[in-house]
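One structure below.
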Amino acid sequence: MERYEPLKIEQKWQKIWEETKPFRATEEPGKPKMMLAEMFPYPSGAGLHVGHVRNFTIVDVLTRFYTQQGLNVLRPFGYDTFGLPAENYAIKTGTAPQDVTKTNIANFRKQAKRLGYAIDWNREINTSDPEYYKWTQWCFLQLYKKGLAYQKESYQWWCPEDQTVLANEQVENGKCWRCGHEVEKKKMKQWFFKITEYADELLEEIDSLEWPEKIKTMQKNWIGRSVGAEIDFEVVGGAPHITVFTTRPDTIYGATFLVVAPEYTALDSLLTDDTREKVLDYKATALKKSEIERQENKEKTGVFTGSYAINPATKEKIPIWVADYVLAGYGTGAIMAVPAMDDRDHEFAEKFDLPIVETELCDRDLFGTPKVTYRMRDWLISRQRYWGCPIPIAYDKDGNPHPIPEDQLPVLIPEVDDYKPDNSGRSALAKAKDWLKVTINGEEMTRETDTLDGYACSSWYLWRYASPHDEDAAWNQDAIKYWEPVDYYCGGDHAVAHLLYIRFWCKFFADEGYLPFREPIKRLLYNGYINAPDGKKMSKSKGNVIDPLDVINDGYGADTLRTYEMFIGPYDMDAAWDPRSVGGVYRFLNRCWTLAFATEYSRTDKTINIRHKTIKKVTEDIHRYNFNTAVAALMEYVNELYKSGATEEDVITLAKLIKPFAPHLASEMLEKLSADDEWPQWDEKYLVSDTVEVIVQINGKLRAKLTVSADDLNDEKKITNLALADEKVQKYTKSGVKKTIFVPKAKLLNIVI
RNA sequence: GCCCGAGUGGCGGAAUUGGUAUACGCGUUCGACUUAAAAUCGAAUGGUGAAAACCAUAUGGGUUCAAGUCCCAUCUCGGGCACCA
């Protein structure tokens with residue numbers, strides 16, 4: 001007898017899919033479409049891990065499900081290839097990042113194909129391909145033209161290990177998100193995208209998205225809208241007035257001192273000969289302090305500037321202090337301290353013996369002008385690194401920036417011998433002397449040597465998928481109108497950064513007339529992590545990594561791997577890998593195979609009810625993303641087919657229903673049965689049976705079960721009498737019945753005694 | 001500190017609208033097949049108890065005919081933010 005040999009079956013079908021290209025998508029106006037994508041991977045040297053498999057398989061289950069339902073489905077694939085791992089590898093080994101990337105992509109592609117994903121391989125994209133980053137540069141220029149890409153000198157997070165600045169979103173607990181080194185503040189001239197221009201719209205439209213509440217809340221908190229007022233305080237002695245931001249302008253009568261941040265721009269004008277040295281000393285110390293130190297030691301520090309301001313409400317002279325608990329980047333970098341109302345101000349006042357005055361509240365608009373402030377800052381995009389998309393800017397003799405004309409794009413990454421950045425604050429691009437020189441409109445200029453944050457490259461890739469080979473535009477208007485916005489986007493990371501940036505670019509390009517929608521992603525599925533069997537995060541150093549390719553090659557095959565990862569638990573929860581449960585899923589698929597290839601079909605259709613019930617359950621579960629219970633329902637179905645005997649229709653139905661999870665096995669089964677893969681329909685009439693079981697409770701506890709005809713469910717009196725006549729029930733009802741409650745929907749009768 | 005999630009058998013988890021708690025899988029035990037093992041097939045499996053029955057969804061209260069599900073308080077774990085005025 002033949003046996004279920006997954007590797008053989010999978011090789012066969014993967015070859016067929018490679019040759020016949022059934023997943024190629026083309027626009028068919030009038031036919032309903034569905035576009036799905038995962039967050040494209042960074043192709044590391046280690047190859048696919050089980051987390052990728054979970055992420056990609058969720059998308060694949062939906063892709064195949066909607067294809068079987070007859071929609072025109074697009075499921076593309078791509079690689080996010082710029083970034084530090086490839087560059088650091090290049091520095092270490094001297095291998096060009098271009099070459100490493102090529103090798104890693106080839107490996108990822110090969111592995112993804114072994115998982116049997118229904119990908120339109122004609123739409124593969126790679127962010128470090130000049131044909132792609134040409135258009136990333138074009139996007140930058142559009143933002144630049146509108147003043148939304150600009151340069152500013154300010155204090156920025158600097159990673160001394162990676163020798164580059166970082167965005168706020170890339171600093172985690174005071175450490176670099178890539179190398180984990182503590183970051184410092186450094187004053188530098190850097191490029192920014194003006195995301196704050198869209199703060200209100202980004203905030204308002206969150207509620208309209210079919211996204212997990214968790215992500216929506218995180219984005220709302222990140223944007224951090226505060227409604228308050230700006231109030232001017234005159235400085236005694238004629239220095240420029242100080243504007244503070246406060247959410248409580250009504251507490252101004254209690255403002256007994258002002259505090260400015262160490263980085264406050266007009267700090268010098270407040271200093272006196274007596275205080276200057278001490279204050280500048282304090283400022284220098286504060287700037288040197290790493291974020292870690294600031295967090296570990298939250299005890300208030302600060303010094304008196306020597307100047308006083310006038311409280312416009314009380315007309316009293318109040319001292320101006322400088323302290324690092326006031327942040328330069330938020331509000332105006334200066335606050336009015338109301339120690340009677342605010343805990344932080346109170347702590348500061350106590351420590352430095354400043355007056356604390358109980359305050360009567362006044363009208364909010366009496367002394368200030370209403371003002372809205374955001375926690376979110378503009379997006380810092382320049383990086384002093386080699387392996388990124390060059391910023392398409394050049395500087396004239398006077399140092400003024402000029403955009404590279406669009407017909408001179410792409411600005412190619414120059415070849416260099418040494419990829420290592422130095423501490424000059426410039427990337428390795430500065431070493432390509434010939435490349436640096438560029439002529440724009442006849443004028444000799446010097447190129448910008450910073451590259452773009454990788455998040456810029458991933459802020460528009462979903463639109464490139466619509467027309468990945470277009471040479472005349474970043475995306476084709478007809479294609480984008482047909483396919484997008486994306487219907488399902490699936491990932492397990494980047495809750496704030498990427499998912500906020502792509503919304504920002506979408507709104508910008510919609511304003512410019514390039515996009516016919518203002519939100520790029522309709523539904524977001526945020527999947528959980530897969531941990532090691534011990535419940536800990538998988539990591540090379542702990543040696544607890546499960547390699548998905550090993551699972552396949554061990555003989556389980558891709559169908560088992562895919563189905564197991566869908567069965568492991570709710571898709572949005574973290575789960576621990578359990579090698580023994582993998583075996584359980586393999587046994588299930590083996591039983592499916594046996595039904596199709598080694599069992600005689602039953603001639604009597606005893607399973608029509610469970611067949612229709614299973615179709616309904618699996619269909620609805622996939623709609624709800626309850627992939628684990630969909631698989632469980634299929635297991636129940638198979639168990640029942642073993643018991644009662646399976647008809648040919650049962651096996652065809654089973655094959656169709658498992659195809660999203662185990663496409664190779666299902667294809668093999670459908671081929672044997674000469675059946676198509678059209679998604680089956682259920683008929684409600686087979687879901688109701690002639691007799692039903694009625695639960696009889698006494699005081700809410702299950703005491704008896706009655707089998708009655710389905711029609712009797714409408715007859716409360718009859719059911720009640722039947723129940724009261726029941727032997728088991730009568731044991732409890734000797735002392736009388738207070739009342740009965742019948743719930744036909746729940747098929748339940750509760751007797752209260 | 002603040003804002004979200006979560007807590008159910010030996011384990012992963014189910015219970016969709018307040019209505020039979022523990023689906024499905026793993027593990028364990030027993031049986032069939034086999035010289036034997038593996039594989040496969042079948043049965044049992046929350047706890048206590050001889051049974052009747054009682055007790056069980058983190059803990060303590062409450063609402064309800066009925067609570068894993070709703071309300072209040074507490075504990076534990078996970079995630080996010082963290083001097084944002």
Side-chain angles (χ1 to χ4, degrees), chain A residues 3 172-174 212-222 224-226 228 244-248 251 255 259 291 294-295 298-300 323-327 329-338 341-345 347-348 373-377 495-496 528-529 533 535 564 567-570 572-585 587-588 590-591 594 598 617 620-621 624 626 628-639 642-643 693-705 731 738-753:
Chain A
R3 284 174 39 236
E172 296 168 349
N173 295 321
E213 286 306 316
K214 186 173 86 175
I215 309 297
K216 294 207 229 179
T217 308
M218 280 168 72
Q219 293 212 350
K220 282 181 194 170
N221 292 343
W222 186 265
R225 187 175 194 266
S226 286
V244 304
F245 173 75
T246 176
T247 53
R248 295 297 305 274
T251 64
V259 189
E291 188 71 358
R294 281 203 189 190
Q295 274 168 12
K298 279 198 181 162
E299 195 172 328
K300 298 279 177 291
D324 66 1
Y325 83 92
V326 173
L327 307 175
Y330 184 75
T332 60
I335 62 153
M336 64 175 205
V338 186
M341 298 295 289
D342 184 282
D343 290 345
R344 296 153 303 182
D345 297 343
E347 192 191 329
F348 194 80
T373 301
Y374 302 90
R375 214 191 69 101
M376 178 173 69
R377 320 285 208 266
V496 172
Y529 290 108
Y564 170 65
F567 184 63
I568 195 169
D572 55 349
M573 304 279 276
D574 291 353
W577 187 269
D578 179 1
R580 289 189 295 205
S581 286
V582 178
V585 171
R587 276 192 280 281
F588 161 63
N590 204 353
R591 280 157 77 86
T594 303
K617 171 82 176 151
E620 292 181 349
D621 273 352
R624 286 188 293 252
N626 292 344
N628 55 330
T629 52
V631 175
L634 288 164
M635 288 171 168
E636 277 185 79
Y637 183 37
V638 166
N639 292 345
Y642 262 64
K643 256 186 220 143
E693 194 174 58
V694 173
I695 300 305
V696 181
Q697 294 183 335
I698 290 166
N699 286 349
K701 286 197 174 177
L702 172 67
R703 293 301 180 193
K705 291 178 183 181
K731 277 202 294 189
K738 274 193 199 138
K739 64 170 165 174
T740 58
I741 291 129
F742 183 58
V743 190
K745 218 173 159 186
K747 289 178 264 178
L748 177 141
L749 178 81
N750 193 11
I751 300 168
V752 186
I753 55 168

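Below, chains carry the letters A, B, ... as their sequence lines are ordered, and counting in each starts from 1.
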| field | Residues forming a ring pair (Phe, Tyr, Trp, His ring centres under 6.0 Å) with F567(A), sequence neighbours excluded | value | none

Quick one: which of [options] gets closest to the side chain of [X]?
X	options	result
E693(A)	A85(B), A23(B), U20(B)	U20(B)
N221(A)	C3(B), A85(B), A14(B)	C3(B)
K731(A)	C54(B), C26(B), A53(B)	A53(B)
I695(A)	G25(B), C24(B), U20(B)	U20(B)
K300(A)	G19(B), C83(B), A85(B)	C83(B)
E636(A)	C3(B), A23(B), G25(B)	A23(B)
K643(A)	A43(B), C55(B), C24(B)	A43(B)

| query | Within 45 degrees of the axis of the six-membered ring of Y325(A) and under 6.0 Å from its centre: does K300(A) put its NZ or CZ there? | reply | yes

| request: State, to 0.1 Å, how close F245(A) and I335(A) come at their nearest heavy-atom pair, and which atoms those are. | output: O-CG2, 4.5 Å

For [X], answer base if it contacts any base atom (sugar-phosphate contacts may also be present), sugar-phosphate if it contacts only those atoms, and nothing otherwise; contact means non-hydrogen atoms under 4.0 Å.
X	value
R587(A)	sugar-phosphate
K738(A)	nothing
N626(A)	nothing
K745(A)	base
G331(A)	nothing
R591(A)	sugar-phosphate
T373(A)	nothing
D345(A)	nothing
L634(A)	nothing

For the pair made of [atom1] in [X] and [atom2] in [N], what is the distance, rounded to whole Å?
X	N	atom1	atom2	result
I215(A)	C4(B)	CD1	C1'	11 Å
W222(A)	G79(B)	CH2	P	18 Å
K220(A)	G80(B)	NZ	C1'	15 Å
D578(A)	G12(B)	CG	P	10 Å
N590(A)	U40(B)	CG	C1'	9 Å
L702(A)	A53(B)	CG	P	11 Å

| Gap in Å between the two P atoms, one belonging to U69(B) and one to G7(B), rounded | 11 Å

| query | Quantified in whole Å, what is the P atom distance between nucleotide U28(B) and nucleotide A38(B)? | reply | 11 Å

| Side chain to side chain, W577(A) and Y564(A), heavy atoms closer than 4.5 Å | yes

Solution key, residues 745-753 of chain A side-chain donor-acceptor pairs under 3.5 Å, sequence neighbours excluded:
| residue | atom | partner | partner atom | Å |
| --- | --- | --- | --- | --- |
| N750(A) | OD1 | N699(A) | N | 3.4 |
| N750(A) | OD1 | G700(A) | N | 3.0 |

Using a cut-off of less than 4.0 Å, is there contact between a side-chain N or O of [X] and OP1 or OP2 of [N]?
X	N	result
T594(A)	U40(B)	no
Y325(A)	A85(B)	no
N628(A)	A23(B)	no
R375(A)	A82(B)	yes

| query | Does the side-chain contact (heavy atoms from CB on, under 4.5 Å) test come out yes or no for V694(A) and K705(A), once each step is laid out? | reply | CA-CA 6 Å; V694(A) 173; K705(A) 291 178 183 181; over 6 Å; no

| How do Y642(A) and R703(A) order along RNA chain B: which one's closest nucleotide is nearer the 5' end? | Y642(A)

| field | Exam field: side chain R591(A) to backbone V638(A), donor-acceptor pair closer than 3.5 Å | value | no

Between [atom1] of [X] and [atom2] of [Y], what distance do you get to the nearest 0.5 Å?
X	Y	atom1	atom2	answer
T217(A)	I215(A)	OG1	CD1	9.0 Å
R375(A)	Y330(A)	CZ	OH	9.0 Å
T629(A)	M635(A)	OG1	CE	12.0 Å

| request: Map every base of RNA chain B to its dot-bracket character, where paired means a Watson-Crick or G-U wobble contact with both distances under 3.5 Å and | marks a partner outside the strand. | output: (((((((..(((......[....)))((((((.......))))))(((....)))..(((((..]....))))))))))))....

Give every pair of a protein N or O atom and an N or O atom of nucleotides 64-69 of chain B that lie under 3.5 Å apart, one pair per line with the distance.
| residue | atom | partner | partner atom | Å |
| --- | --- | --- | --- | --- |
| C65(B) | O2' | N750(A) | ND2 | 3.1 |
| C65(B) | O2 | N750(A) | ND2 | 2.7 |

| task | Please name all residues satisfying side-chain contact (heavy atoms from CB on, under 4.5 Å) with A633(A), sequence neighbours left out, ordered by chain then number. | result | K617(A), V618(A)

Which pairs, protein N/O on one side and nucleotides 5-10 of chain B N/O on the other, fall under 3.5 Å?
none

